Amino acid sequence: MQTLHDTIMQYNFNEIEAKWQKKWAELQTFRALQPEELTEQKPPFYVLDMFPYPSGAGLHVGHPLGYIASDIYARYKRHKGFNVLHPQGYDSFGLPAEQYAIQTGQHPAKTTEVNIKRYREQLDKIGFSFDWSREVRTSDPNYYRWTQWIFIQLFKSWFNNNTDKAEPISSLVEAFENEGNKNTNAACDDGVESFSAEEWNAFSANKKDAILLQYRLTYLAETEVNWCPALGTVLANDEIVNGVSERGGHPVVRKKMKQWSMRISAYAERLLQGLEKLDWTDSLKESQRNWIGKSVGAQLKFPILSFPKREGISVFTTRPDTIFGVSFMTLAPEHELVSKITTAEQKEEVEAYIKAASLKSERDRMADVKSITGVFTGAYAEHPFTKEPIPIWIGDYVLASYGTGAVMAVPCGDQRDYDFAKHFNIPIPNVFKGVDISKEAFADKAQTIITNSEFLNGLNAEDAIAKAIEKLEEIDAGTGKTNYRLRDAVFSRQRYWGEPFPVYYVDGLPKMIDEQYLPLHLPEINEYLPTEDGAPPLGRAEKWAWDTTQNKVVDKELIDHKSIFPLELNTMPGWAGSSWYLFRYMETKENRNQHMASAEALNYWKNVDLYIGGSEHATGHLLYSRFWTKFLNDRKVLPVEEPFKKLINQGMILGESAFVHRYNPSFDTNAKTKREREMLSLKMNNLFISYNLVHIINKELKASKHVFIRPEGVFDINGEKIQTKNIENLNVTFESLFNSGLNNILIKDSSFIPIHTDVSLINFSNELNIEGFKKWRPEFQDAEFIKDENGKYIVSREVEKMSKSKYNVVNPDDICEDFGADTLRMYEMFLGPLEQAKPWNTAGITGVHNFLKKLWKLYYNGDNFEVTAEPASKEALKTLHKTIKKVTEDIENFSFNTSVSTFMICVNELTQQKCNAKDILEPLAVLISPYAPHIAEELWEKLGHSESVSTAAYPVFEEKFLKEENKTYPISFNGKMRFTLDLSLDLSKDEIEKAVMEDERTQKQLDGRTPKKVIVVPGKIVNIVG
RNA sequence: GCUCGGAUGGUGGAAUUGGUAGACACGUUGGACUUAAAAUCCAAUGGCCAUUAUGGCCGUGCGGGUUCAAGUCCCGCUCCGAGUACCA
């Protein structure tokens, strides 16, 4: 039993942690200073975590992993004398809250508030050094006011390809007024009409607006979307499974809808080039490169024979060198020319094909790569060089959304074209020298030598591409062109819980609300569903119209289209608020009203030095925020071009699910009568068998042996009986059955059904808490168990993603309660490399916890704090400095798992040395404080300091304490280590060799032989060959 | 299919980038303390063989190679994970 005396002397983590968490909050210990507050020279350093979406499930132990790593780094940088900005906030708009609102009628703001509170409590318990005074929430009107403001800036900008920058729309208007759009080189919609200055000036205001909309960086356009009529909303690709909605399984159709889009494609090249300068992992940069999908080639035109000259089909190709290998063309079924060129004879067939293709979703089409389909249109195009007629086909292997929606098919050089040609018996001319194309296409660019191609003959791919483009330009049939896969991003959502657009409509054209009247607040609605006629949820708002004379939101009924206009009903997507939040943190709460952040603050903090988060944001958030940062930099709002200098993806912490195994007799009994079968299933539906037995039986079944349960209550394998110590258990269970005349029960491998069970019911040895299990869910309350020979019921374990539905969630609160936050922090780091996925195993935590207890005991002897001023021993100094060196290197390399081991070794050694010298224990407290801040603060205070340990300078490593005089040399014979020998490090190569050769063990190893060679690497190794 | 990662004891993982493989922990086993348990402490712990203090052989997914020396470098495979996909 614990006495009062014991509690004082022991490491009482609950008390210590609560004490310091309270102090840090009261004293604002981790508040970052704005440049004007600095009293001493301190360079800024910005450490940021990807902010969480506050879900109703709360945090599990996987979530804080990245936060702990960044917190260690932030605390380390403070010790190193930096002014560290380490904030936290919430990405608080989002679908789950809305979904919950639809089900319960609860306002999403309310549930979000509750969830945030829970998150905050959980985060606080882990002892993070966040500067909470700078918290942001994307759903806060004071925050989304500036999201709306950025949207307006995008609307007021266009992208000038000549300067490669965004510019104010006024400069475009000016150009139009002076020279029309003939000299404009802008990122804009396809098919913008050309006009002269006179024509522009004569256009109506509406016409001008409509034209400008085609140039703006955010624009309204007809976009093909996945529309789900039953749910009344657009779905993202990942919300559709097998052509039906993920939720509810409703059909999805492709539909054109007017949507806001972001012209991110204008920034494709800069987003690609910018990656070079970033300190991100190669895999992450690679994902972004793939997503941007740059391909260099040529765009060319094939005239259509039945059409007047100059009209033709545009195609994009990366292989203009193979142009003489073209034997047909393929258009996407949706291609606008299809209906125009199809001949009368082919019409019926083509239309049937188009109809069939339109019924398939884009996803279906992509999933079904195997089957080759297509139809001949009857039309022909003309080869630009040979003037030969080329048949034009349609086929759904060509996607309307990429390139021009048409390809010049070169079957000898492209496998898809090859397959298509083979399938429809189209000729496959070969343009590759010395290559056999009878089996498959030849796509190896590096090995290519062109032949059968007039002026390209004998050239390699690179030269032939250049030559082909040159010739195409000469005859005005095409030009060199770079294509990007990156599409403009749809920015409208038919949702309630998101940022409202600061947009109203006059004559169907969008107008921006003047910036000074922001924010435009999200209106109240009675139900969080689309309206009956299919408008988004905001269509339900009564008060949702813009009064341009009063500049405020008024009742919808007042709309007169003269001064009161309808407001936009869509809201912004999740990535809107998260694209710029890092800059909001740079400003203090008091000074946030006038701007997203002040120029001084933006200039001082610049961008994020270290960003830690999950890799699932590789192509979403991380691309969009780069885009917005570049845009705001172009428009002189931000001083930087990139948001995140260094980025680390933390790996996922996986859960270890536990399974009980239920005996499922319904299919595998040889019970003869119906009555017997009924009895059996009734009796056995709740019978669980220990995994140790399941494991043995399954193994035997795999070896095709027969396993029976016999009336004696034994498992019988091919006549051999497995003895279990709990036979009675088995006997009782089966008694009534056997009494009814059954003489054995055959077991098959489908007999045991694994069922997820809550991991909190499992102890460290995988033993089930049977009483707890029975109480866990009502259907198990009469469960019966067959235990193994030790009388235990064992579960099986499997590593899976941590999730509520798998009952494998481990809650950090519980760990903090049982072991303390410092233990949790160190254990999460100890699990393995930060970037790697790894399973959580609570059993292992005791090792780290014991380590902290041992650390405590270095400073405490019983209940006496015992640290002496006596000089430290040589060994202790060596231990300390070895530790400083390694831990510092590890932090710099984000190798936190090895630094925890280093601390363990350090404490083990100091314990062994019985060290309690202040010279050692004081720097050690500082060294460990980033990892285990609470215990460090407590010890630091006991050491006589009144300031937080976080203000202490980081210990300085001194080489001199590590100076060794001797080295224990491993002595190898033919590369195999046989013994070790202590020798002075001062010895020369020859002296070492001499000492080794003189050793009697060497002579014994050699056994009379003479070595051929002796390799001596001073300070490392000796290897004797022969 | 393509791209990028991985593969080391019963488990999580170390290994100064070519120099004593398995650090540090967990687990397991044995011991001390205890009426007992927990806690704590001590010892052993890659496999196989031998045992007299001593030793030997094998061993980092598989097969080759380079080297005095390979978990690490090179060539060829197998398996696992992540991302992405008719991208012309």
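Naming convention: chains lettered A, B, ... in sequence-line order (proteins, then strands); numbering from 1 in each chain. Note that the coordinates shown come from a computational prediction; the quantities given were computed from them, not determined experimentally.
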* Asked: Across all strands, who's sitting opposite B/U40 as a Watson-Crick or G-U wobble pair, both distances under 3.5 Å?
  -> B/A32
* Nearest-angstrom distance, P atom, B/G10 to B/U45 -> 15 Å
* Give none if B/G1 has no partner; otherwise give the nucleotide forming a Watson-Crick or G-U wobble pair with it, both distances under 3.5 Å. => B/U84
* To do: Can you sort out the partners of A/Glu286 under salt bridge (Lys or Arg N to Asp or Glu O under 4.0 Å), two or more places apart, ordered by chain and number?
  => A/Arg289
* Protein-nucleotide distance (A/Ile292, atom CD1; B/C87, atom P), rounded to Å -> 18 Å
* To do: With syn defined as a glycosidic angle within 90° of 0 and anti as everything else, classify B/U17.
  => syn
* **Pairwise P distance, B/U16 and B/A7 [rounded to whole Å]** => 14 Å
* Asked: Between A/Lys976 and B/C58, is there a side-chain N or O to OP1/OP2 distance below 4.0 Å?
  -> yes
* Asked: Atom CH2 of A/Trp291 and atom C1' of B/C4: how far apart are they, to the nearest Å?
  -> 17 Å
* For A/Val1017, report the nucleic acid contact type (base, sugar-phosphate, nothing); a contact means any heavy atom under 4.0 Å. => base
* Rounding to a whole Å, what distance do you find between A/Lys1020:NZ and B/C68:P? -> 18 Å
* Structure fact -> Considering only heavy side-chain atoms of A/Thr980, the closest of B/U20, B/C26, B/U3 is B/U20
* Structure fact -> Atom OH of A/Tyr827 and atom P of B/C26 are separated, to the nearest Å, by 10 Å
* Sugar-phosphate, base or nothing in reach of A/Asn974, heavy atoms under 4.0 Å -> nothing
* Sequence neighbours excluded, which residues qualify as side chain to side chain contact (heavy atoms under 4.5 Å, CB included) partners of A/Arg416? -> A/Tyr397, A/Asp414
* Determine the interatomic distance between P on B/A70 and the same-named atom on B/G19; round to the nearest Å. => 11 Å
* Considering Watson-Crick and G-U wobble pairs with both distances under 3.5 Å, what does B/A15 pair with? -> none
* Return no unless some side-chain N or O of A/Gln836 is found under 4.0 Å from OP1 or OP2 of B/G5. => no
* **Modelled atom types, side-chain donor and acceptor of A/Glu800 and A/Ser657, under 3.5 Å** => yes
* Under 4.0 Å between any heavy atoms, over every strand shown, what does A/Asn908 touch: base, sugar-phosphate, or nothing? Just pick one. => sugar-phosphate
* To do: Determine which nucleotide pairs with B/U78, using a 3.5 Å limit on both distances of a Watson-Crick or G-U wobble pair.
  => B/A7
* To do: Mind checking A/Phe830 for me? I need base, sugar-phosphate or nothing, with any heavy atom below 4.0 Å counting as a touch.
  => base
* Structure fact -> When A/Val1022 and A/Tyr402 are each assigned the nearest nucleotide of RNA chain B, the 5'-most assignment goes to A/Val1022
* To do: Take the protein atom CE of A/Met826 and the nucleotide atom C1' of B/C24, then report the distance between them rounded to whole Å.
  => 12 Å
* Can you figure out which of B/A85, B/C26, B/G19 approaches the side chain of A/Arg485 most closely? => B/A85
* Asked: Taking the side chain of A/Pro839 as its heavy atoms from C-beta onward, which of B/G12, B/C24, B/U20 lies nearest to it?
  -> B/G12
* Quote, to the nearest angstrom, the P distance that separates B/A21 from B/G46. => 14 Å
* Report yes if a side-chain nitrogen or oxygen of A/Ser295 is closer than 4.0 Å to either non-bridging phosphate oxygen (OP1 or OP2) of B/A88; otherwise report no. => yes
* Ion pair present between A/Glu909 and A/Lys882, side-chain N to carboxylate O less than 4.0 angstrom? -> yes
* To do: Describe the nucleic acid contact of A/Thr902 in one word from base, sugar-phosphate, nothing, applying a heavy-atom distance below 4.0 Å.
  => nothing
* To do: Searching all strands shown, indicate the nucleotide that pairs with B/U66 (Watson-Crick or G-U wobble; both distances under 3.5 Å).
  => none
* Structure fact -> Result for 5'-nearest mapping on RNA chain B, choosing between A/Gly975 and A/Lys967, is A/Lys967
* For A/Arg978 and B/G55, is the shortest distance between a side-chain N/O and OP1 or OP2 below 4.0 Å? -> no
* Asked: Does A/Lys1013 put a side-chain nitrogen or oxygen below 4.0 Å from OP1 or OP2 of B/C68?
  -> yes
* Distance, C1' atom - from B/C24 to B/G9, rounded to whole angstrom -> 15 Å
* Asked: If you measure from the P atom in B/U17 to the same atom in B/G13, how many Å do you get, rounded?
  -> 23 Å
* Asked: Given the C1' atoms of B/C62 and B/G56, what is the spacing between them in whole Å?
  -> 27 Å
* Asked: Any idea which of B/A69, B/A25, B/A14 is nearest the A/Met904 side chain?
  -> B/A25
* Structure fact -> Side-chain atoms of A/Leu399 come closest, of B/C87, B/U20, B/C24, to B/C87
* Asked: Around atom CG of A/Asn893, are there more than 12 heavy atoms of other residues, nucleotides or ligands at under 6.0 Å?
  -> yes
* To do: Answer yes if the side chains of A/Asp488 and A/Ser265 hold a donor-acceptor pair under 3.5 Å, and no otherwise.
  => yes
* Structure fact -> Checking B/C68, B/A88, B/A85 against the side chain of A/Val1025 (C-beta onward), the nearest is B/C68
* Between P of B/A88 and CE of A/Met329, the distance in whole Å -> 16 Å
* Nearest-Å distance once atom C1' is located in both B/A85 and B/U3 -> 11 Å
* Is the shortest side-chain N to carboxylate O distance from A/Glu993 to A/Lys989 below 4.0 Å? -> no
* **More than 12 heavy atoms from other groups under 6.0 Å of CD on A/Glu892** => yes
* **Syn or anti conformation of B/G9, syn meaning chi within 90° of 0** => syn
* Describe the nucleic acid contact of A/Ser283 in one word from base, sugar-phosphate, nothing, applying a heavy-atom distance below 4.0 Å. => sugar-phosphate
* Touch class at under 4.0 angstrom, heavy-atom based, for A/Asn841 against every strand present -> nothing
* Asked: Are side-chain N/O atoms of A/Thr846 and A/Tyr827 paired as donor and acceptor at under 3.5 Å?
  -> no
* Length of the CZ-C1' vector between A/Phe328 and B/A88, whole Å -> 11 Å
Is there any protein nitrogen or oxygen under 3.5 Å from a nitrogen or oxygen in nucleotides 40-50 of chain B, and what are the pairs?
| from | atom 1 | to | atom 2 | distance (Å) |
| --- | --- | --- | --- | --- |
| B/U40 | OP1 | A/Asn850 | OD1 | 2.7 |

* Structure fact -> Taking a pair to mean Watson-Crick or G-U wobble geometry with both distances below 3.5 Å, B/C48 pairs with B/G56
* Asked: In whole angstroms, how far is the C1' atom of B/U67 from the NZ atom of A/Lys1012?
  -> 14 Å
* Asked: Is a side-chain donor-acceptor pair under 3.5 Å present for A/Asp419 with A/Gln415?
  -> yes
* Any salt bridge between A/Lys878 and A/Glu964, counting N to O under 4.0 Å? -> yes
* Give a yes-or-no answer on whether the side chains of A/Thr619 and A/Gln288 include a donor-acceptor pair shorter than 3.5 Å. => no
* To do: For the side chain of A/Ser901, starting at C-beta, report the closest nucleotide among B/A23, B/G27, B/U20.
  => B/A23
